[in-house]
Amino acid sequence: MAAAAVAALLPVAATAAIPKGVWTNPRKSVRVVFQPCGDAICGKVIAATPQAEADAQRGGGAPLVGAMLFQDFRQGESGLWSGSVLVPDLGQTISGTIRQVDANTLVGEGCVFPNIGCRTQTWTRVK
């Protein structure tokens with residue numbers, strides 16, 4: 001479940017807006033707030049279901065709520081955001097990307113190893 005958080009997020013063009021605000025994963029088990037962090041953006045878990053918390057505990061014991069799930073995301077020339085994604089149930093941080101498809105949709109991808117163990121996930125803006 002928290003592995004579903006593996007996916008990261010990315011805006012379409014270099015001039016695309018920063019994906020600020022609150023977003024939820026496909027299972028609606030985790031909510032993350034994206035905000036500027038210095039000259040990058042980051043995403044912090046602000047809510048999680050008991051099951052998502054339990055999955056995270058098995059991966060390393062740290063609480064999920066309050067964890068910085070998306071770290072140091074920077075926008076590249078193509079508009080793709082790249083950074084690090086914490087995978088709580090694996091207790092591992094991986095490289096990931098995000099893009100904002102529209103005002104309410106973010107698509108993220110992350111791989112445990114380059115081109116191995118990759119997952120894509122669609123996040124939805126919480127209104």
Side-chain angles (χ1 to χ4, degrees):
M1 186 178 299
V6 163
L9 322 139
L10 46 113
V12 178
T15 59
I18 295 173
K20 291 190 282 187
V22 178
W23 300 82
T24 189
N25 66 349
R27 292 185 179 175
K28 299 190 179 0
S29 61
V30 175
R31 287 188 178 192
V32 172
V33 62
F34 279 88
Q35 57 198 14
C37 293
D39 60 351
I41 60 171
C42 57
K44 182 177 182 179
V45 178
I46 58 170
T49 64
Q51 184 61 51
E53 281 287 0
D55 290 345
Q57 295 290 318
R58 282 191 290 277
L64 187 55
V65 173
M68 197 62 69
L69 211 60
F70 299 93
Q71 302 171 39
D72 200 32
F73 271 76
R74 297 172 189 276
Q75 191 174 32
E77 289 180 24
S78 67
L80 181 67
W81 294 83
S82 299
S84 299
V85 182
L86 173 63
V87 185
D89 53 341
L90 297 178
Q92 187 175 358
T93 300
I94 64 170
S95 295
T97 59
I98 57 173
R99 70 181 160 82
Q100 188 167 350
V101 176
D102 59 37
N104 296 310
T105 309
L106 290 171
V107 175
E109 183 175 351
C111 301
V112 176
F113 300 103
N115 300 314
I116 299 173
C118 300
R119 294 187 57 146
T120 299
Q121 189 175 68
T122 301
W123 289 64
T124 306
R125 184 181 298 278
V126 176
K127 297 179 182 182

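FYI, the numbering just counts along the sequence from 1.
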Looking at [Y], is its backbone amide N or carbonyl O close enough to the side chain of [X] to form a donor-acceptor pair, meaning the two atoms are under 3.5 Å apart?
{"X": "E53", "Y": "V65", "value": "yes"}
{"X": "R58", "Y": "P88", "value": "no"}
{"X": "R31", "Y": "V22", "value": "no"}
{"X": "N25", "Y": "V30", "value": "yes"}

Provide the closest heavy-atom pair for [X] versus [Y] in the form atom of the first, atom of the second, distance.
{"X": "T105", "Y": "W23", "value": "N-CZ3, 3.6 Å"}
{"X": "A56", "Y": "L64", "value": "CB-CB, 4.0 Å"}
{"X": "A52", "Y": "S29", "value": "CB-O, 3.7 Å"}
{"X": "T93", "Y": "S84", "value": "CG2-CB, 3.6 Å"}

Show me, pair by pair, the donor-acceptor contacts under 3.5 angstrom made by side chains of residues 40-47, not counting sequence neighbours?
none

For this session: Following the transitive rule for hydrophobic clusters with a side-chain heavy-atom cut-off under 4.5 Å over Ile, Leu, Val, Met, Phe, Trp and Tyr, establish whether I94 and F34 coincide in one cluster.
Result: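 Yes; tracing contacts between hydrophobic side chains, which count when under 4.5 Å, links both residues.
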Problem set entry | In one Ile/Leu/Val/Met/Phe/Trp/Tyr side-chain cluster, 4.5 Å: V112, V85 |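 Both belong to a single hydrophobic cluster.
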Exercise. How would you list, by chain and number, every residue that makes a side chain to side chain donor-acceptor pair (under 3.5 Å) with D72, sequence neighbours excluded?
Worked result: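 Applying side chain to side chain donor-acceptor pair (under 3.5 Å) to D72 gives R74.
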Exercise. CZ of R27 to OG1 of T49: how many Å apart, nearest 0.5 Å?
Worked result: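 Between atom CZ of R27 and atom OG1 of T49 there are 9.5 Å.
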Problem set entry | P19 side chain reached by R125 side chain, heavy atoms, under 4.5 Å |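 The answer is no, as the side chains (C-beta and beyond) never meet within the 4.5 Å cut-off.
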Exercise. Any side-chain heavy-atom pair from C118 and E109 closer than 4.5 angstrom?
Worked result: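 In contact.
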Exercise. Under the side-chain contact (heavy atoms from CB on, under 4.5 Å) test, which residues partner T124, sequence neighbours left out?
Worked result: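 T124 satisfies side-chain contact (heavy atoms from CB on, under 4.5 Å) with T24 only.
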Exercise. Once the angle between the rings of W123 and F70 is folded into 0 to 90°, is it parallel (under 30°), tilted (30 to 60°) or perpendicular (over 60°)?
Worked result: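 Judged by the thresholds at 30° and 60°, the geometry between W123 and F70 is perpendicular.
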